[in-house]
Visitor: 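Questions regarding the structure given below will be posed in turn.
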Amino acid sequence: MHFAYLLSRLDSLRELKAAHAAAATTGFAFLRPAATITSLLQSVTLLRPLPPKALSLPYALSLFGSLPHPASTLAHNLLIRLLLSAAPSSPFSALRLFSRLRRLSLPPDLHSFPLALSASSRLRLLPLGRALHAQSLRFGFSRSLFLRNALISLYSSCAALIDAEHVFLEKNLAIDVVSYNTLIHGYANAGDINSARHLFDVMPHRDQISWGTVIAGYSRSGRCVDALRLFDEMQAVGFEPDNAALVSALSCCAQLGLLERGRAIHDRIGKAMNAHLLTALVDMYAKCGAINAAVNLFDECPCKNQFTWNAVIVGLAMHGHGVLSLEYFDKMQAAGVRPDGVTFLGVLVACSHSGFVEAARKFFGEMEAVHAVPRELKHYGCMSDLLGRAGFIGEAMEMIEGMPVKGDAYVWGGVLAGCRNHRGNMDVAEIAARHLLELNPGDSGVYLIVAGIYADAGRWADVARIRSSMDAMKVKRNVALSFVQQPWVMALSRRLLGAIRDNIQLHLGEKGRLKSGLKLVM
DNA sequence: GTAGGGTTAG
């Protein structure tokens, strides 16, 4: 008991190991070896801040391994908890350890099931989660609030809202603020932001996490104005926004192009940076047109991870800085950070915007073969766009024929745009148009491009035919626009809106550069 | 022991 107390006062792995050595040399550890080792294991899991997995896990595993076989339920729980909480988290290993516990017929306790459910929840393993649910009932834990919240979390993460509600509402059983927050997240996660907001409105006590959960829900469903309104409201009622709320608010600034608002949030973050915040800031600056601010901030902050690298690579790519984007891709690998599907999307966009066809073919070939990153539809779409732009229509069609899945609007849009810009084969253009209209029947853009291709070929009868079929089908022209908030743009907006009505395509840029200006495309 | 956050083409 006293040894455990001593350990609880230590706050680093080094001190724990020193205490371990002292206990061993004084012979204390030989008196009650299992208890001593378990205390040490517990202390590792309680360290704050928790050391990274690479440091804490080997020591924890050696402690676990030195326990008399088959160790205890408590020791299993502690190691599972460490596997789930140390970065990066290892939910698979956690589940393996839980199954070892069961295999060795050690009795799972009130802590074991919430841990195993948390692992299943992170891995979205709904069937396994259901099996654990059933087992936990057989062990008589149905009234445990922790267990029930873990179940709500499982079902919420897996978008099994009926089950989540069922656990939440069950006969006379207690729920708390965690139950509410978890179900709010479940609704938002399933895209039902209105139910999330309703539950938030009716819950008896809200905490910081309740606010952050709804704000994130709004942000992720594109309701950024509502998100920022709630962000202000949370502060008005006395809650300081924590990192999660700040990240969501920044994401909304990025989506809305609110550069000044984003800057103000950056100011209040100051030096308290972490990878989540840095990613959101880099993305916000990039999306608001301030790519230099994005890159400078990225360069000067050390706390980057895969997400942050992706944000800067994609940001540079979208701004047309293909060469620089690819340089950052090299730097990412040199820094030992693994690229993923988003990285390769950025890389392919960089190639596409800079016309690097050969490089794109190389990256597209290597992403699976060398980097073990699976090709997804979005990568094919990007390749189609790139090949179409460069006039390699036949190659794009071959790629599409070899795809394991059906093409989407990006894939066929790339082909059609390629045909338009390179006087492509009319049959191919018609095939692409047919696929596009199948995907989106009222798409006026498709009709207009096809009409344009016919016009280029002088086939005026076909142009007229398409125009009249558009009229017959009442196809409306759709207007797309993107904007960046800048004072001089605000002054111009009335004129620009007039321009939209006049069907004029505008590309305005500050000092002639499109990237930091405003673009309206019909 | 249970709860919320970041990057994805135009």
Side-chain angles (χ1 to χ4, degrees), chain A residues 45 74 77-78 80-81 84-85 108-118 121 141 144-154 156-157 175-186 188-189 196 200 207-217 219-220 241-251 254 274-284 286-287 304-315 317-318 340-353 376-386 408-411 413-414 417 445 480-482 519 521:
Chain A
T45 68
L74 174 59
N77 291 346
L78 290 170
I80 291 172
R81 186 171 155 216
L84 288 175
S85 56
D109 65 11
L110 270 172
H111 293 222
S112 312
F113 280 110
L115 287 163
L117 285 166
S118 171
S121 170
F141 296 141
S144 158
L145 182 56
F146 276 108
L147 177 83
R148 287 154 36 70
N149 283 343
L151 287 168
I152 297 170
S153 172
L154 165 81
S156 288
S157 299
I175 47 175
D176 65 359
V177 65
V178 176
S179 324
Y180 275 98
N181 292 347
T182 310
L183 188 57
I184 288 172
H185 171 244
N189 182 46
F200 173 82
D207 65 8
Q208 225 178 6
I209 292 180
S210 323
W211 288 90
T213 306
V214 188
I215 292 170
S219 164
R220 298 187 69 172
D242 56 12
N243 287 345
L246 291 168
V247 162
S248 297
L250 282 169
S251 169
N274 67 24
H276 272 85
L277 285 166
L278 183 60
T279 304
L281 281 167
V282 167
D283 180 57
M284 182 277 294
K287 293 234 171 73
K304 6 183 185 279
N305 65 10
Q306 190 186 47
F307 282 73
T308 329
W309 282 99
N310 286 349
V312 79
I313 288 168
V314 171
M318 290 195 305
D340 68 358
V342 177
T343 321
F344 277 99
L345 185 65
V347 164
L348 293 175
V349 171
C351 293
S352 181
H353 287 189
E376 296 165 55
L377 200 48
K378 61 193 176 201
H379 302 110
Y380 286 100
C382 207
M383 278 305 282
S384 169
D385 176 76
L386 174 140
D408 67 352
Y410 280 105
V411 170
L481 72 158
S482 58
K519 179 180 167 188
V521 182

Visitor: Quick one: label A:Asp207 by what it contacts on the DNA or RNA (base, sugar-phosphate, nothing), any heavy atom closer than 4.0 Å.
Guide: base
Visitor: Would you say the side chain of A:Ile175 lies within less than 4.5 Å of the side chain of A:Tyr180, judging by non-hydrogen atoms?
Guide: yes
Visitor: Among B:dA9, B:dG6, B:dT2, which nucleotide has an atom closest to any side-chain atom of A:Phe146?
Guide: B:dT2
Visitor: Nearest whole Å is fine: how far is B:dA9 P from A:Asn310 CG?
Guide: 12 Å
Visitor: Categorize A:Leu115 for me: base, sugar-phosphate, or nothing, with a 4.0 angstrom heavy-atom threshold over every strand shown.
Guide: sugar-phosphate
Visitor: A:His379 NE2 to B:dT7 C1': how many Å, rounded?
Guide: 12 Å
Visitor: A:Ala317 near the nucleic acid: base, sugar-phosphate alone, or nothing, with a heavy-atom cut-off under 4.0 Å?
Guide: nothing
Visitor: Are A:Ser156 and A:Thr182 close enough, and set up right, to give a side chain to side chain donor-acceptor pair (under 3.5 Å), and what steps lead you there?
Guide: CA-CA 7 Å; A:Ser156 288; A:Thr182 310; over 6 Å; no
Visitor: Say whether, by atom type as modelled, one donor and one acceptor occur between the side chain of A:Ser248 and the main chain of A:Ala245 under 3.5 angstrom.
Guide: no
Visitor: Measuring to OP1 and OP2 of B:dT8, would you say a side-chain N or O of A:Lys287 lies under 4.0 angstrom away?
Guide: yes
Visitor: Atom CD of A:Gln208 to atom P of B:dG4: distance rounded to whole Å?
Guide: 15 Å
Visitor: Side chain of A:Ala275 only, please: which of B:dT2, B:dG6, B:dA9 is the nearest?
Guide: B:dG6
Visitor: If you check every side-chain atom of A:Val178, which of B:dT8, B:dG6, B:dT2 has the closest atom?
Guide: B:dT2
Visitor: So is the aromatic ring of A:Tyr410 stacked onto the base of B:dA9, judging by whether the centres are under 5.5 Å apart and the planes are under 30° apart?
Guide: yes
Visitor: Report the distance from atom NE2 of A:His185 to atom P of B:dT2, rounded to the nearest whole Å.
Guide: 15 Å
Visitor: Below 3.5 Å, does any donor atom in the side chain of A:Asn305 face an acceptor in the base of B:dG6, or the other way round?
Guide: yes
Visitor: Which residues satisfy the ring-ring contact (aromatic ring centres under 6.0 Å, His included) test with A:Phe200, sequence neighbours excluded?
Guide: A:Trp211
Visitor: Whether A:Ser153 contacts B:dA3 is assessed here as follows: a side-chain N or O lying under 4.0 Å from the phosphate OP1 or OP2. Is that the case?
Guide: yes
Visitor: Would you kindly give the CG-to-P distance between A:Leu386 and B:dG10, to the nearest whole Å?
Guide: 12 Å
Visitor: Separation of A:Asn243 atom CG from B:dG6 atom P, in whole Å?
Guide: 13 Å
Visitor: Using the six-membered base ring of B:dG5, report whether A:His276 stacks on it, requiring centroids under 5.5 Å and planes under 30° apart.
Guide: yes
Visitor: Does any donor-acceptor pair link the side chain of A:Asp242 with the base of B:dG5 at a separation under 3.5 Å?
Guide: no
Visitor: Can you tell which of B:dG4, B:dG6, B:dG10 lies closest to the side chain of A:Met318?
Guide: B:dG10
Visitor: To the nearest Å, how far apart are A:Asn77 CG and B:dT2 P?
Guide: 11 Å
Visitor: Looking across every strand, which nucleic acid part, if any, lies under 4.0 Å from A:Val314 by heavy atom: base, sugar-phosphate, or nothing?
Guide: sugar-phosphate
Visitor: A:Thr182 near the nucleic acid: base, sugar-phosphate alone, or nothing, with a heavy-atom cut-off under 4.0 Å?
Guide: sugar-phosphate
Visitor: Among B:dG4, B:dA3, B:dG10, find the nucleotide with the atom closest to the side chain of A:Ser118.
Guide: B:dA3
Visitor: May I ask you to decide if A:Ile184's main-chain N or O and A:Asn181's side chain share a donor-acceptor pair within less than 3.5 Å?
Guide: no
Visitor: By the 4.0 Å heavy-atom rule, please label A:Arg220 as base, sugar-phosphate, or nothing.
Guide: sugar-phosphate
Visitor: Does some side-chain heavy atom of A:Val178 sit less than 4.5 Å from a side-chain heavy atom of A:Ile152?
Guide: no
Visitor: Do the side-chain N or O atoms of A:Ser251 get closer than 4.0 angstrom to the phosphate oxygens (OP1, OP2) of B:dT7?
Guide: yes
Visitor: Could you check how far CG of A:Asn149 sits from P of B:dT2, rounded to whole Å?
Guide: 10 Å
Visitor: I want to verify a distance call: between B:dA3, B:dG4, B:dG5, whose nearest atom is closest to the A:Thr213 side chain?
Guide: B:dG4
Visitor: A:Glu376 near the nucleic acid: base, sugar-phosphate alone, or nothing, with a heavy-atom cut-off under 4.0 Å?
Guide: nothing
Visitor: Keeping A:Thr279 on the side-chain end and A:Ala275 on the backbone end, is there a donor-acceptor pair under 3.5 Å?
Guide: yes
